[in-house]
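Take a look at the structure set out below.
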Amino acid sequence: MKLTNAEISDILRKISFLLELEMDNDDNKTNLNFKNRAYIRAADQIDNLPLSIESLYRERGINGLLQIPSIGKAISSKIEEYIKTGKIEYYEILKSKYPIKIDDFLSLEGIGPKTLRVIIDRLPVRNLSDLERAAKEGKLNEITGISKKKEEKILKRIELHNIGKKRHLLGDIYPLVKQIEEYLKNMESASMVTAVGSFRRMKETIGDIDFLVVSDNPDSIINSFVNMPEVKEILSKGGTKAFINFNNGLDSDLLVVPKESYGAALQYFTGSKEHGIALRRLAQSKELRLNEWGLFDIKSDQKISGESEEHLYNALGLEWIPPEMRENKGEIEMARKGSKEWQEKMKRLLKYGDIKGDLQVHSNNTDGKMSIEEMAYFAMTNFDLDYIAITDHTKSLRIARGLDEQQLLDQAHKIQEFNDSIKNGTFFVDLNESNEEKPLGRKTSRNDKERRRSERNLRDFRILSSAEVNILSDGSLDIPNNILDKLDIVGAAIHTNFSQPIEVQTSRLIKAAQNPSVDIIFHPTGRIINKREGHPVDIPKLMTIAKETNTILEIDSHYNRLDLRDEYIRTAVQNDVKLVIDSDAHHPFHYAFLEFGIGQARRGWAKRDDILNTLPVKELLEKLK
DNA sequence: GCCGTTTTCGGCCCGACTGTTTTCAGTCG
C-alpha cells in the first residue's frame with residue numbers, strides 16, 4: 001500500500017490539534033504553543049511537496065526528510081516510524097487521552113481546541129453529531145462561557161460543515177468572481193476593486209474568494225457586500241472586513257482599505273500564507289513591521305510604504321514578485337533588489353497574451369461542438385490566435401467517434417483547402433445560430449497593452465493538420481507512422497487503461513515519446529482535478545526521455561485538467577524540457593482556457609522560450625522532430 | 001519542535017472580529 005503525503009500531513013495536524021487541546025493543563029504554555037505550530041508548519045510543507053514523501057524516504061532515508069524545511073529531528077523520526085510501522089507511538093498516546101473523533105472537529109470552523117476542551121470536559125461529546133445534539137438540547141449553554149448566542153453559532157457552523165466544503169476549480173468560480181467584481185465596481189464609493197487570494201495567484205483550485213476594495217466609505221461597501229442576494233450567511237462583519245457564505249456554499253472575504261494602504265493590503269490578501277509570513281519575517285529582521293496597512297518602522301512607528309505593491313517590495317529590499325510565484329519556494333531569496341538573475345527571469349517570464357497558436361483543438365468531426373471552419377474563425381477573430389492545430393481523436397477511441405486513417409487524410413486535405421482559401425481571401429464561414437452565452441474568461445490579455453490584431457494579417461492564419469492519437473496499453477499508437485507523417489504535427493495521449501502500475505504507465509509514455517512521429521504528449525498525467533488522480537507517471541524519467549527525444553510535453557489548459565500541474569512545469573523548466581500550452585477546445589469559447597494554462601505556466605516559472613507555441617507557426621514547425 | 005550572514009539558545013507573523021472579557025482570549029486568514 002502506497003502512503004500518500006496527505007495521510008502524513010493529516011496525522012501531523014491531528015498531533016498539533018491534540019497538543020492544543022492539552023495546553024491549558026500545561027505549565028509551559030508558551031512553549032507548547034510553538035510546538036503545535038511546528039507540527040502545522042511541517043504538515044503545510046508536506047502538502048506542498050511535489051514528490052511522494054515515502055519515495056523520498058525510501059531513496060534517501062531520514063536525511064532526505066531532513067532536507068524538507070520545517071522538518072527536523074523529532075518530526076522526521078516520527079514520519080520514519082509511520083512509514084515503517086503504520087503508527088506513531090506519540091500520536092497514539094495523545095489520542096488515548098482524548099477519545100474523540102478528531103476529524104470531525106478538525107474540519108469544523110469556528111470552534112477551536114480551547115472551546116472544544118471545555119465542552120468535552122463537561123459533556124459526553126465525542127463527535128460532531130454528539131455536539132449537534134448537545135447544542136440542540138441547550139446543554140452547551142449550561143457551560144459557563146458558552147452563551148445562547150454562541151450555541152446558536154455552533155449549530156450554524158455544523159450546518160455549513162455538513163454541506164461539505166471542498167476547493168473549487170478556478171474555471172468554475174471564474175464567472176461568479178467576475179460578477180461580484182462588477183457589482184462592487186459599480187458602487188459609487190469604491191475606487192478600486194480587485195479579486196485577490198489564490199484567485200489572483202491563478203491557483204488551480206480556490207478555497208474561498210477574496211475581494212479587496214479601496215474606499216473612503218468602508219461601511220457602505222461592507223453593507224452592500226453582505227446584503228447581496230447571493231449571500232446566505234454573514235459569518236462576521238466589522239469596520240474593515242466582512243466574511244460571508246454564498247448560497248452555492250462558497251465562502252468569501254472582503255477587505256476595505258484607504259488608498260494609502262492599497263499596496264500593502266494587496267500583498268497581504270493575495271498571499272500565499274507562506275509567502276506573507278516569509279515577508280513579515282524579512283521585515284522583522286530589518287526592524288520593520290509589515291501588515292495589511294503598510295510597512296512600518298518598529299521604533300518610530302513611521303509608515304515607510306503601503307500605497308503600491310511594487311514600492312512595498314522595494315522597501316523590503318526586493319524586486320516586485322508576480323502573484324503566481326508567491327509560494328515561498330525560493331522566489332523571495334531570488335528577488336533581492338538589483339539581482340541580475342531575477343531581472344533576467346522577469347524579462348523572459350511568460351506573459352498573458354504571449355501564446356500565438358493553440359495546438360489542441362477539436363472539431364465536430366469527432367467530439368467537438370463546431371466545424372473546423374468555425375473553430376478557425378473564432379480563433380482568428382475573437383482570440384487573436386495565428387494558428388490552430390485540429391487534433392481530433394483517432395479510431396480506437398470509439399466513444400469520441402475517433403477518425404481512421406482515411407478520415408485523417410481526408411481531413412488533412414480539407415484543411416489544406418481551407419488554408420488556401422484563407423490565403424487568397426475567399427475563406428467564408430457560415431455561422432449557424434451562434435450561441436447566446438458569453439465566452440468564459442478574458443478574451444484578451446490582461447496585462448499587455450494593445451493586442452496585435454491591428455498589425456496582424458488574417459490571411460497569414462494557418463490551420464495545422466494534426467490528431468490526438470491514442471496511446472494503446474503497450475505504448476504503441478492506433479494509427480501507423482506513415483499516415484501520421486502526412487500531418488503537420490502530432491499529439492499523443494493516454495485515454496484508456498489508467499490503473500496500471502507506475503512502471504507500465506511510464507514505459508507506455510516513454511515508448512510514445514520515442515516514436516519519431518509523435519511531437520507532443522498531451523495531458524501527460526491524465527488527471528481530472530477533484531475527480532481522478534490520473535495515471536501514475538514517473539515524471540523525472542519522462543522528462544529525461546522527452547529532452548533526449550525532443551518531444552514536447554503539453555500543459556492542457558482546461559481548468560479541470562491543468563496537466564501538467566505547476567510543480568511539474570517547474571521541473572520541466574529546470575530541465576529544459578520544451579512545453580506547449582493548449583486549450584483542449586471542444587467549442588470556440590474554450591480558447592479562453594488558455595489563460596488558465598498560462599497562469600499555471602507562470603506558477604511553474606516558465607519563460608517564453610520554454611513554451612514553443614509562443615513562436616510564429618513557421619519557427620514552431622522547424623523546432624519539431 | 002524548528003532554526004541560525006550578528007544566534008546551538010531564545011526566539012518564533014500580524015491584526016480583525018467575536019463574545020461577555022470590564023482589558024482579553026479564541027479563532028481565523
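Residue numbers begin at 1 in each chain, while the letters A, B, ... track the order of the sequences. Excluded from the calculations below are hydrogen atoms, water molecules and symmetry mates; all remaining heavy atoms, backbone and side chain alike, are included.
Checking the phosphate oxygens (OP1, OP2) of B/dC13, a side-chain nitrogen or oxygen of A/Arg281 falls inside 4.0 Å. Look at A/Ser70 and you won't find any side-chain N or O under 4.0 angstrom from OP1 or OP2 of B/dG1. Side-chain nitrogen and oxygen atoms of A/Arg289 include at least one within less than 4.0 Å of the OP1 or OP2 phosphate oxygen of B/dG15. Under 4.0 angstrom from either OP1 or OP2 of B/dT20 there lies at least one side-chain N or O belonging to A/Ser147. Contact annotation: A/Arg37 side-chain N/O to B/dC13 OP1/OP2 distance is under 4.0 Å. Taking 4.0 angstrom as the limit, A/Thr115 places a side-chain polar atom (N or O) nearer than this to OP1 or OP2 of B/dT27. Between A/Lys73 and B/dC3, a side-chain N or O to OP1/OP2 separation shorter than 4.0 Å is absent. Distances shorter than 4.0 Å separate none of the side-chain N or O atoms of A/Trp293 from OP1 or OP2 on B/dC14. Contact annotation: A/Gln45 does not reach the phosphate of B/dC2 (side-chain N/O to OP1 or OP2, under 4.0 Å). Contact annotation: A/Lys241 side-chain N/O to B/dA16 OP1/OP2 distance is not under 4.0 Å.
A/Lys273 comes within contact range of no nucleotide atom at all, as no heavy-atom separation falls under 4.0 Å. Residue-level contact check: A/Gly276 touches neither bases nor backbone, having no heavy atom under 4.0 Å from any strand. Among the heavy atoms of the strands lying under 4.0 Å from A/Tyr268 is at least one base atom, whether or not backbone atoms are also near. Within 4.0 Å of A/Lys78, counting heavy atoms only, lie sugar-phosphate atoms of the nucleic acid but no base atom.
A/Asp44 places its CG atom 14 Å from the C1' atom of B/dC13, with the value rounded to the nearest Å. One interatomic measurement links the two molecules: CD1 of A/Ile277 to C1' of B/dC12, which rounds to 11 Å at whole-angstrom precision. Residue A/Ile154 contributes atom CD1, which lies 16 Å from atom P of B/dT18 at whole-angstrom precision. If you measure from atom CG of A/Leu255 to atom P of B/dG29, you get 14 Å, rounded to the nearest angstrom. Atom pair A/Asn245:CG and B/dG29:P shows a separation of 12 Å (rounding to whole Å applied). Atom pair A/Ile111:CD1 and B/dG19:C1' shows a separation of 14 Å (rounding to whole Å applied). Rounded to a whole Å, the NE2 atom of A/His275 is 16 Å from the P atom of B/dC13. Note: CD1 (A/Ile68) to C1' (B/dG1) measures 15 Å, nearest angstrom.
Between the side chains of A/Tyr57 and A/Glu80, at least one donor N or O lies within less than 3.5 Å of an accepting N or O.
A perpendicular orientation is assigned to the rings of A/Tyr559 and A/Phe593, their planes being inclined by more than 60° (bins at 30° and 60°).
The side-chain hydrogen bond (donor to acceptor under 3.5 Å, both in side chains) test with A/His275 is passed by exactly one of A/Arg280, A/Lys329, A/Glu331: A/Glu331.
Between A/Phe34 and B/dC2, no base-stacking contact is recorded for ring centres under 5.5 Å apart and planes less than 30° from parallel.
For A/Lys78, the salt bridge (charged side-chain N to carboxylate O under 4.0 Å, His left out) criterion is met by no residue, not counting sequence neighbours.
Side-chain proximity of A/Tyr39 to the nucleotides B/dG1, B/dC14, B/dT18 is greatest for B/dG1.
For A/Phe211 and A/Phe269, the gap between ring centers reaches or exceeds 6.0 Å.
More than 12 non-hydrogen atoms from other residues, nucleotides or ligands lie less than 6.0 angstrom from NZ of A/Lys303.
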